[in-house]
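The next block holds one structure in the form of C-alpha cells; read it before the comments.
Chain letters run A, B, ... following the sequence lines, proteins first, then strands; residues in each count from 1. Worth knowing before you read on, the calculation uses all heavy atoms, side chains too, and leaves out hydrogens, waters and symmetry mates.
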Amino acid sequence: MHWADAFVRNLSGDQIFSTGISPSGPIHVGNMREILTGDILYKAAVDRGLMSRFMYLCDDLDPLRKVYPFLPDTYEEHVGKPLSRIPAPQGEGTYSEYFLRPFLETLDVINVSVEVVRTTDLYDRGVFAEAIDVVMRRKNDVARILEEISGRAVGKDWYPYNPLCSNCGRITKAKVEWYRFPEVGYRCQCGHEGVSDIRKAEGKMPWRVEWPAKWYALGVTVEPFGKDHGVKGGSYDTGKGIMEEIFGAKAPEPLIYEHIFLKGKGAMHSSTGVVIDAADMVKFAPPQILRFLVARSQPSRHIMFDPGAGLLNLIDEYEKYENLYASGGELDEDARRAYELSRLEQSTEKLSSIGFRHLVTLVQIYPREGDLLEALRRTGEGLDEITPVVRSNIDAIRRWLDRYAPDNVKFSLLEPHEKVVINDQERKLIAGFLESAGSIQWTPEAIHDMIHELIRNSGMQPKSGFAAFYRVLVGKERGPRLGYFLSTLGREFTMNRLSSAINM
RNA sequence: GGGUCCGUAGCUUAGCCAGGUAGAGCGAUGGACUCUUAAUCCAUAGGUCGGGGGUUCGAACCCCCUCGGACCCGCCA
C-alpha cells in the first residue's frame, strides 16, 4: 500500500493537515517535501472520504535570524525584527511577502491547494490570545515540561512570550516584566519599556510553545515535519507534552520525513548554497515531476535528486506510469497511487503525448518552433499545433539543456575548425555521399535511404557507418536520426561541412 | 558525549513493520527489426543486501557492536 494511504488508513473523523515553512528566504526543492507530503496526505484523506482541510502556516512573525548570504549587508539593522515588518530585498512590500509570493505561485503550478495563513494575522486577530493566556499563567508548568522533555534548563525569569519592542522593532530583545491579561509589560535592551497586547501581533510565543499553541488554536490533527523536529526531546516531543498537559488536547499525528539531497552535493540547504529553487524547478521540469519525486519516495528515506540524467529517468518513469494508467495496462499498486497523487488535476492533457526525451532531441534539432511542429506533423504525432503542455515542455527543455542536462543528451554542431577523426573507409563513405547528395531530393527519407544504401555497399556495420557522420557533424558516436537531421541542416550547409571535414 | 534516520547491482531503488535466503527501472553488453525519434523488442552480465558478532532449522529483515552519510541535543523556525 502506498505510504499516504497507509498513513491515512489509521485516521478517523475530520482532519486538519498543517504545515509550516518560514519565508526567511527562497523556498527550495528540499522545503517542498514538507508541503507536498502534506498535500499528498490530504489528497489521500479526501480519497478515503474524510472531511479534511489543509493549511499552510507562514511564519512571518518570526525574526530575521541573520544576514543571509543572499541579502545585502544593510540588512544587519533588521536582524531580530519580524519578517513581516522588514522591507523586501527588492521592490515594494515586505520581506516575508517577497519570498512568499513565488512560493505560492509555485504551489498553484504543482496543484497544491492549501489555505494560506500568516502567523502575523493569527496573532493580530487574537486567535492565539487564549493559548497565550494559558501558557503565561502556567509558565512554570510549561517550563517544567520543556526541561523534563528536552533536558534543557529554562531560566528563572523565563516567560513563554517574546514581546515585540514598539521602539526598536525587534522581537528578540525584550524581557517580560509582568503579565496581566491581556497585557504584557516588558523592558527592551534598547532601553524602551512598553506594554504588549497578547490579542495583537505585538509579540509571539517561542517556537517550542507556539507550535502546540497552533495545534490547539487551529485544531490540527496531522502534521508532517522534517526529522530534525522528530528527535527524542525535540520540538515535537515538547510540543506534545505541552499540548497534552497544558492545553488538555491530543497532539497531531506526526509524519516525519527525511531531507532531499542534491546528487553529488549533499543536503539541500540555503546556507550552503546547495539548493535548487522550487520556483525554478518547475521551470525546467514538468510540475508533476516535483510531486512525483515526493510521492514515489517513502518519507523515511532521503531523496537523491539528480537534476541531470536522473531527472530524465524520473520523467520516463512518470510517463510510463501515465501511459499504463491510461491504457489500463499492468501497473503495481504503489506505482499507480504515486502517479495518481502526482498528476495535475487541472489538466487533462497527458504529459507524455510527446515523450519528453524525444522532445529533448527535437528541440536541439529544430531551434525554430515552426520547424519543430513541422517535424511532429511529418512523423505522425498527429499534432496540428503546439499544445500547452508541449509548449511548456519545450520551454523547460531549453532551460534544462542550458543548466542541468548531461553532455550525452546534448549535441551541437562542431565548429568548422574542430578536428575530426575518421579513417579511410569512413572518409570514402562520406565522399560517396557527397557525390550523390547534389542530385537527390533533399528530403529526410531520400537522405536516409541513400545513406543506408551507401553503408550497405561499403560493407560497413550500419552502426559504425552512421557513427562516421555523427563524428563529423556533432563529434559523437550517436545523434538524432540522420535523415531528419541533415534535411534540417540544409543541403548546402551539409555538403560544405562534410567536404571540409574529409579534406582536413 | 547522547539520540534519530539512512547505507541493497555502475546509478536510482523495492523488499525490512508480521524472518524462509534478493526484485525492478536506468545504464552496460549481445541480438532482432529492409538498423537509429539516442525509438522499439528480446536476451545476458552485474549484488560479500556497509562490516563483524548473536538469536534461529533459516536473517537484507530481529538483537548487539562497528564503519560511513545525514540530522538533532542552540526557547532556533
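With a 3.5 Å ceiling on both atom-pair distances, the Watson-Crick or G-U wobble partner of B:A43 is B:U29. Nucleotide B:A38 forms a pair with no other nucleotide shown, judged by Watson-Crick or G-U wobble geometry with both contacts under 3.5 Å. Nucleotide B:G1 has B:C73 as its partner under the Watson-Crick or G-U criteria, with both atom distances under 3.5 Å.
A:Glu202 and A:Tyr186 share no side-chain donor-acceptor pair at under 3.5 Å.
Between the CG atom of A:Asn408 and the P atom of B:A38 there is a distance of 13 Å, rounded to whole Å. Rounded to whole Å, atom P of B:A39 lies 13 Å from atom CG of A:Leu362. To the nearest angstrom, P of B:U4 lies 16 Å from CG of A:Asp228. Remark: C1' of B:C75 and CG of A:Asp237 are 16 Å apart, rounded to the nearest angstrom. Atom CG of A:Asn162 is separated from atom C1' of B:C75 by 8 Å (rounded to the nearest Å). One can place CZ of A:Arg357 at 9 Å from P of B:C26, the figure rounded to the nearest angstrom. As a whole-Å value, the separation of A:Phe356 CZ from B:A39 P is 16 Å. Going from atom CD of A:Glu333 over to atom C1' of B:G23 covers 18 Å, rounded to whole Å.
Aromatic ring orientation, A:Phe466 versus A:His452: perpendicular (interplanar angle above 60°, classes split at 30° and 60°). A perpendicular orientation is assigned to the rings of A:Trp211 and A:Phe225, their planes being inclined by more than 60° (bins at 30° and 60°). By the 30° and 60° cut-offs, the orientation of the rings of A:Tyr236 relative to A:Trp215 is tilted.
Neither OP1 nor OP2 of B:C16 sits under 4.0 Å from any side-chain N or O of A:Gln298.
Counting non-hydrogen atoms under 4.0 angstrom, A:His229 reaches a base of the nucleic acid. A:Val409 comes within 4.0 angstrom of a nucleotide base, judged by non-hydrogen atoms across all strands. Counting non-hydrogen atoms under 4.0 angstrom, A:Phe261 reaches the backbone sugars and phosphates but no base. Base engagement by A:Trp158 is indicated by at least one non-hydrogen atom pair under 4.0 Å involving a base atom. As judged by a 4.0 angstrom heavy-atom cut-off over every strand, A:Tyr470 is placed among the base-contacting residues.
Between A:Tyr68 and A:Phe70, the gap from one ring centroid to the other is short of 6.0 Å.
Surrounding NZ of A:Lys240 are at most 12 heavy atoms belonging to other residues, nucleotides or ligands under 6.0 Å away. More than 12 heavy-atom neighbours from other residues, nucleotides or ligands sit within 6.0 angstrom of CZ on A:Arg138. Residue A:Arg9 places its CZ atom among 12 or fewer non-hydrogen atoms of other residues, nucleotides or ligands, all under 6.0 Å distant. Under a cut-off of 6.0 angstrom, the local environment of NZ in A:Lys175 is sparse, with at most 12 non-hydrogen atoms contributed by other residues, nucleotides or ligands. Other residues, nucleotides and ligands contribute over 12 non-hydrogen atoms within 6.0 Å of the CD atom of A:Glu244.
Annotation: B:C62 and B:G7 have their P atoms spaced 11 Å apart (nearest Å). Straight-line distance between the C1' atoms of B:C57 and B:G68: roughly 34 Å, to the nearest whole Å. Going from the C1' atom of B:G47 to that of B:G25 covers 16 Å, rounded to whole Å. Taking atom C1' in both B:C17 and B:C11, the straight-line distance is 28 Å, to the nearest Å. To the nearest whole angstrom, the two C1' atoms, one in B:U8 and one in B:A24, are 12 Å apart. One P atom belongs to B:U48, the other to B:U55, and the distance between them is 25 Å to the nearest Å. Between the P atoms of B:G15 and B:A9, the separation comes to 15 Å (whole Å). Here, B:C63 and B:C16 have their P atoms 15 Å apart, quoted to the whole Å.
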Subject >> Criterion side chain to side chain contact (heavy atoms under 4.5 Å, CB included) on A:Tyr123 and A:Glu210, from CA distance to verdict >> reply: CA-CA 11 Å; A:Tyr123 278 100; A:Glu210 188 178 82; 2.5 Å; yes

Distances under 3.5 Å only, N/O to N/O: pair up the protein atoms with those of nucleotides 40-45 of chain B.
none

Please enumerate all protein N or O atoms sitting under 3.5 Å from an N or O of nucleotides 6-11 of chain B, with distances to 0.1 Å.
unit_1 : atom_1 : unit_2   : atom_2 : d
B:C6   : O3'    : A:Arg301 : NH2    : 3.3
B:G7   : OP1    : A:Arg301 : NH1    : 3.4
B:G7   : OP1    : A:Arg301 : NH2    : 2.2
B:C11  : O3'    : A:Lys263 : NZ     : 3.1
B:C11  : O2'    : A:Lys263 : NZ     : 2.7

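Annotation: of the two residues near RNA chain B, A:Phe466 and A:Arg65, the 5′-most nearest-nucleotide partner is A:Phe466. When the nearest nucleotides of RNA chain B are assigned to A:Asp316 and A:His452 by heavy-atom distance, the more 5′-ward of the two goes with A:Asp316.
Of the candidates A:Phe469, A:Tyr470, A:Phe411, A:Phe411 is the only one forming a ring pair (Phe, Tyr, Trp, His ring centres under 6.0 Å) with A:Phe485.
The side chain of A:Lys320 sits closest to B:G25 out of B:C75, B:C72, B:G25.
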